[in-house]
Amino acid sequence: MQRLSSIKMTGVTTGVALGDRGTYLVYGGGTVWSPVNFGPTQRAKNFYGIEADASGSVWLAGDSGTIVYAPSYGGGFAQQASNVLVTLASISRVEGTSEMFAAGAGGVIIHTLDGVGFSGTWSGQASQTTHSLFFIGGPADTNMLAVGEAGSAVRFNGTAWSPDTLGVSVNIRSGAFVGNPSTDTWLVGDRGTILHSVSGVSGTWSVQPSGTTEDLFGITADSATRAFAVGSGGTILHWDGATWRAMVSPTFENLRAIAHGYSASVDYWVVGDCGTILHGTT
């Protein structure tokens, strides 16, 4: 079974996940995750970042600057021209628009004003870092954040990227944004690192006690009092608004990403090594 690196839920019964060697799974009808073949040229590539919207459009990012787009979860795939050849680790769409950003090895950040379709034009942006970036996202195209290797971080104000100071030197792997607007920001990384900023303003990060030294690869948050982080050795952590606590995990596999769904009870999906998929509700 291949490693699964990313997951995106777009409804109660719809979601997509992807990973190594062109692995791409679709969750439809609320019953089962099914593999979909999205092209023979992609089977040898590893994919790390996924974006999707409620209309069914999906974007996959991975090895050699590959960005694959489809107008529906299950078909019609074609590769977009990213104009880079490095590994892309993360891809993010500005909410309510077709504007998108992707980030990856060597500090590469690329951008498109219209990622919908097969002829979208991506162009490079000056990221102000040569460190590899593992996550990119944000609440608006005037407030984007990219983080990665050795605690590197850069922020986009709508015009240019500038350095942010996180105050740590470990690899930062993922982030989550909460609120309306979504400026309450969480970051997670190696050796149990969790960072938090209520405002998301540059230089306002504080280190949170995580209670673990396991590497943390994924985080999701749906309110100021509820968040979950996942990581190596099957680690699952829960934030209750005051404290991060370890949860009992059904696996020792490395868990790479977590996403929350949209059911009334709030459901959560986790993916990881060896094809691991976990589901839980609160």
Side-chain angles (χ1 to χ4, degrees), residues 3-7 19 46 48-49 61-62 86-92 101-109 127-138 144-156 161-178 183-221 227-239 243-247 249 252-259 270-273:
R3 175 181 64 180
L4 298 174
S5 297
S6 190
I7 184 169
N46 299 328
Y48 307 100
V86 303
T87 295
L88 297 173
S90 180
I91 186 168
S92 179
F101 294 82
V108 163
I109 295 178
S127 70
Q128 310 303 324
T129 183
T130 58
H131 284 112
S132 293
L133 298 169
F134 304 130
F135 170 82
I136 192 168
M144 297 293 292
L145 179 67
V147 295
E149 186 181 14
S152 57
V154 290
R155 185 176 297 277
F156 188 65
W161 291 91
S162 59
D164 194 351
T165 301
L166 300 184
V168 297
S169 57
V170 300
N171 294 335
I172 301 300
R173 304 287 183 174
S174 186
F177 306 91
V178 187
T183 54
D184 189 344
T185 309
W186 292 96
L187 300 175
V188 296
D190 290 359
R191 299 204 292 271
T193 300
I194 300 179
L195 302 175
H196 183 228
S197 171
V198 174
S199 65
V201 173
S202 180
T204 62
W205 302 98
S206 61
V207 178
Q208 304 292 302
S210 68
T212 184
T213 57
E214 297 285 352
D215 295 340
L216 299 174
F217 301 123
I219 185 170
T220 190
F228 294 86
V230 297
S232 59
T235 299
I236 304 175
L237 304 179
H238 173 234
W239 167 254
T243 306
W244 284 94
R245 291 188 175 88
M247 299 183 68
S249 175
F252 291 105
E253 298 290 349
N254 295 332
L255 302 176
R256 301 288 177 176
I258 181 170
V270 179
V271 296
D273 290 2

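Remember, it's a predicted structure, so these values are computed and weren't measured experimentally. By convention here, the first residue in the shown sequence is residue 1.
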Approximate separation, where rounding is to 0.5 Å, of [X] [atom1] and [Y] [atom2]:
X: Ile172; Y: Leu166; atom1: CD1; atom2: CG; value: 6.0 Å
X: Met247; Y: His238; atom1: CE; atom2: NE2; value: 6.5 Å
X: Arg3; Y: Arg256; atom1: CZ; atom2: CZ; value: 5.0 Å
X: Ile109; Y: Thr129; atom1: CD1; atom2: OG1; value: 8.5 Å
X: Leu88; Y: Ile91; atom1: CG; atom2: CD1; value: 7.5 Å
X: Leu216; Y: Leu187; atom1: CG; atom2: CG; value: 11.5 Å

Open item on the list: Between Trp244 and Trp186, is the ring centroid distance below 6.0 Å?
Closed with: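 Under 6.0 Å, so yes.
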- [ ] Would you check if the distance from the ring center of Phe156 to the ring center of Phe101 is below 6.0 Å?
- [x]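 Distance test on ring centres: under 6.0 Å, yes.
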TODO: Determine, stepwise, if the pair Leu133 / Ser152 fulfils side chain to side chain contact (heavy atoms under 4.5 Å, CB included).
DONE: CA-CA 8 Å; Leu133 298 169; Ser152 57; 4.2 Å; yes
Where do [X] and [Y] come nearest, in terms of heavy atoms and distance?
X: Ala257; Y: Ser6; value: CB-CA, 3.8 Å
X: Ser202; Y: Asp164; value: OG-OD1, 2.8 Å
X: Val154; Y: Ser127; value: CG1-O, 3.1 Å
X: Ile258; Y: Phe228; value: CD1-CB, 3.6 Å
X: Arg155; Y: Val201; value: NH2-C, 4.3 Å

Judged by atom type as modelled, is there a donor-acceptor pair below 3.5 Å linking the side chain of [X] to the main-chain atoms of [Y]?
X: Ser249; Y: Ile236; answer: no
X: Ser90; Y: Ile136; answer: yes
X: Ser132; Y: Gly106; answer: yes
X: Asp215; Y: Arg191; answer: yes
X: Thr235; Y: Gly233; answer: no
X: Asp190; Y: Val170; answer: no

Taking side chain as C-beta onward, heavy atoms only, is [X] less than 4.5 Å from [Y]?
X: Ser92; Y: Met144; result: yes
X: Leu145; Y: Phe135; result: no
X: Leu195; Y: Val168; result: yes
X: Leu237; Y: Thr212; result: yes

Distance alone, cut at 3.5 Å: any donor-acceptor contact between the side chains of [X] and [Y]?
X: Asn254; Y: Ser232; value: no
X: Gln208; Y: Ser210; value: no
X: Thr204; Y: Ser197; value: yes

Open item on the list: Tell me whether the NZ or CZ atom of Arg173 lies within the 45° cone about the ring axis of Phe134 and under 6.0 Å from its centre.
Closed with: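 The answer is yes, since Arg173 meets both limits relative to Phe134.
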Open item on the list: Apply side chain to side chain contact (heavy atoms under 4.5 Å, CB included) to residues Val230 and Thr220 and explain how you reach the verdict.
Closed with: CA-CA 9 Å; Val230 297; Thr220 190; over 6 Å; no
Open item on the list: Between Phe217 and Leu255, is the side chain to side chain contact (heavy atoms under 4.5 Å, CB included) condition met? List the steps.
Closed with: CA-CA 7 Å; Phe217 301 123; Leu255 302 176; over 6 Å; no
